[in-house]
A.B. asks: 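Once you've had a glance at the structure underneath, I'll fire off some questions.
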Number of protein chains: 2
Amino acid sequence: MATTGPQKPVSGTQGRRSTIRDVARQAGVSVATVSRVLADNYPVTHATRAKVLRAVRQLDYVANAHAKALAGTGVETLALVLDDITWSAFAQIGAGVEQEAARRGRLCLVCTTQGDRQRELAVVNLMREQHAAAVILVGGIQYTAEYRERMSQFARSLDSVGSRLVLCGRPPLGEDLPATVVEYDNEGGAYGATAHLLSLGHRGILFVGVQEGQSTADGRLVGYRRALADYQVPAVPALEREAVFQRDAGLRAVREALRERVAFTAVFAATDMVALGALEALREAGRRVPEDVSLVGYDDIPMVSELTPRLTTVHVPYQELGRTAARLVLDRREGIGGAEDRVRLSTHVVVRGSTAPPPAPVPA
Amino acid sequence: MATTGPQKPVSGTQGRRSTIRDVARQAGVSVATVSRVLADNYPVTHATRAKVLRAVRQLDYVANAHAKALAGTGVETLALVLDDITWSAFAQIGAGVEQEAARRGRLCLVCTTQGDRQRELAVVNLMREQHAAAVILVGGIQYTAEYRERMSQFARSLDSVGSRLVLCGRPPLGEDLPATVVEYDNEGGAYGATAHLLSLGHRGILFVGVQEGQSTADGRLVGYRRALADYQVPAVPALEREAVFQRDAGLRAVREALRERVAFTAVFAATDMVALGALEALREAGRRVPEDVSLVGYDDIPMVSELTPRLTTVHVPYQELGRTAARLVLDRREGIGGAEDRVRLSTHVVVRGSTAPPPAPVPA
DNA sequence: CTGAAAGCGCTAACAA
DNA sequence: TTGTTAGCGCTTTCAG
């Protein structure tokens, strides 16, 4: 059998994949009957059903998902688009999305962009082709007019094919756009972290992670400044250091601040990875954490609770973020009334061992 | 327009999704012409092409991937099945698969099973329906007869529909089965780690991570024992401690060994997560690492190079593992001759700060 | 309760 | 160079 007709170049024993028609023939019934048995949504005699199921087993038949999709049935797919799945926070969001999708019988397509916005565009269109029920875009972005314009188009063009744009951990667009937003209290977390340091008595707090226009970085900087203002501590430009959200950047930024002899008794790193770099820079300089300098991170990625000292940081419910994104979009699809399209989860400071009062008491 | 006909329950402005027929009408050509312009695989007048492309833009048309798939064109999909995407090693494998898939224009479906073998079965069938070009199963397993049987069926039933089973970081099945295997030198890594400790002078080496029948754990235990044998150090049952591959298990196992006053100067943890637990147990007991006790992990997950002390461990090229899995299976599909179906990547010890000679010289 | 047949949207002969 | 049309595999009226 397998040697009939033009062979495909692939090796293996596979013959033609059996179709519903093969099953029908084998069972001696019509394709409609097979379809009914398999869908189990229509009355069928016990005997007929048995014949069909036997044929299905004999032929090891599985339906063709594409044909089902074309015919209007078919499993829905959620598309997840992120920079890099190996980043802990993203992996957690991904896990949340996948779990909720799986729980509700959906499939999950994952695409990474490595920060390439060109590729993001290609991916969104690809997902439109795939009839993804939703496209979930994850992670902070450079918030420009161009960005807003692009997202608006994404939102509209997905909406026009019955799909939905979901922004997860990204700032919302205009109210009028057909998009779902799941964010977390980014600024609030930074406020809390800074306030924690301030209430310990710190006054010179180095903020590491300035990135002009990067939504996540901006929000954290704003939270930092607001806390300073509330404690009547003047913001000092020299204390606000640039750094992309990676370990090396944190290392360099703190080294530089140290070299410049900027006065500080605490470091607030805009992400845990940056905090790791900061920690190393402090060690190099012989500054002990937390005895000499306190250190706070942001994200609460699993590993930082294993550090020595265990890192004080801001917990973000990333997995819940992903789960919520999936839930919102699936609820809406299922017509569950009152499905919100804008949710903000809260963040909170987790105090661990890397923060303490400053070494010398602050003058009153 | 949008208000004509029976409304779907979903909100939004989406009307009917435009099809190739709409584009044809709008451009005043036939559907075949549109198809040709879009596929760009056939001569078409410049003028005609322009008309078609304009219509495509006006209608914001994208092809229906399911229809393309049914018709035999269509983007292939790789299915990745793993326990939990938040585990660093798995995330890295996933990143490798996704990158290679994307590079070659394929899509990547991710399903997690949380270790549930029942779900694994369901997922494999689902992937068969989806016409996944391959199903990549990731991670160690309980190597039983039942397992072999199940995998054999997976291999055959995927093969029968022209798909391919790929085992990534799992032990191979029989030679005769249609499956591709990408593994790493699991036992060799364990041998190397143990030999490193032995050559430092350690003789009492606690192995933490025994799991009867778990392929990865078994391999590592075998490597450990082989190194001991090669150094003529007798294997002591009390030094081989059970622990699943998680932090808590490592913590408990080492605590217990300490409580039992088992004599050892080094700990070989079967995974880095286990090593983390071991580290904590040692600290609790006031044992310094590496001055009093040396510690080695396995996996080289990113965080362990940030610990204090930085962890000596076995590096596994997880990302490369994923990339290779994707490459092999795609090469084979593209009929690239000589695509192997069995690859083993090598591992190596990364010596960092958690290992040192034992405190007291060993009697000669 | 079962079957025949008309699509779903696209591609690829085959004709013109 | 372009158009017509027969599938791809499944679901779902509509008849029987």
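Sequence lines set the chain letters: A, B, ... in the order given, protein chains first and strands last, and positions in each chain run from 1. Remember, predicted model here, so these are calculated numbers, not experimental data.
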A.B. asks: Applying ring-ring contact (aromatic ring centres under 6.0 Å, His included), can you list everything that pairs with B:Phe90, at least two apart in sequence or on another chain?
C.D. replies: B:Trp87
A.B. asks: Check DNA chain D against residues 43-54 of chain B and give the residues with a non-hydrogen atom under 4.0 Å, in numerical order.
C.D. replies: B:Pro43, B:Val44, B:Thr45, B:Thr48
A.B. asks: Using a 4.0 Å cut-off on protein heavy atoms (strictly under), produce a 5'-to-3' string for nucleotides 9-16 of chain C with B for base contact, S for backbone-only sugar-phosphate contact, and - for none.
C.D. replies: BBSBBB--
A.B. asks: Under the side chain to side chain contact (heavy atoms under 4.5 Å, CB included) test against A:Val135, which residue among A:Leu158, A:Leu109, A:Leu78 passes?
C.D. replies: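 For A:Val135, the side chain to side chain contact (heavy atoms under 4.5 Å, CB included) check succeeds only for A:Leu158.
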A.B. asks: Do other residues, nucleotides or ligands put more than 12 heavy atoms under 6.0 Å from the CZ atom of B:Arg117?
C.D. replies: yes
A.B. asks: Pairs of donor and acceptor atoms involving the side chains of residues 36-46 of chain A, under 3.5 Å and at least two apart or interchain, shall be tabulated with distances.
C.D. replies:
unit_1: A:Asp40; atom_1: OD1; unit_2: A:Arg49; atom_2: NH2; d: 3.4
unit_1: A:Thr45; atom_1: OG1; unit_2: A:Thr48; atom_2: OG1; d: 3.3

A.B. asks: Who are the side-chain hydrogen bond (donor to acceptor under 3.5 Å, both in side chains) partners of B:Ser30, not counting sequence neighbours?
C.D. replies: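 B:Ser30 satisfies side-chain hydrogen bond (donor to acceptor under 3.5 Å, both in side chains) with B:Thr33 once adjacent residues are dropped.
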A.B. asks: Between B:Thr33 and D:dG3, is there a contact of a side-chain N or O with OP1 or OP2 at under 4.0 Å?
C.D. replies: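 For D:dG3, OP1 or OP2 has a side-chain N or O of B:Thr33 closer than 4.0 Å.
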A.B. asks: With sequence neighbours left out, what residues match B:Tyr61 under ring-ring contact (aromatic ring centres under 6.0 Å, His included)?
C.D. replies: none
A.B. asks: Is the shortest distance from a Lys or Arg side-chain nitrogen in A:Arg323 or A:Glu100 to a carboxylate oxygen in the other one below 4.0 Å?
C.D. replies: no
A.B. asks: Where the side chain of B:Arg164 meets the backbone of B:Val329, is there a donor-acceptor pair that is under 3.5 Å apart?
C.D. replies: no
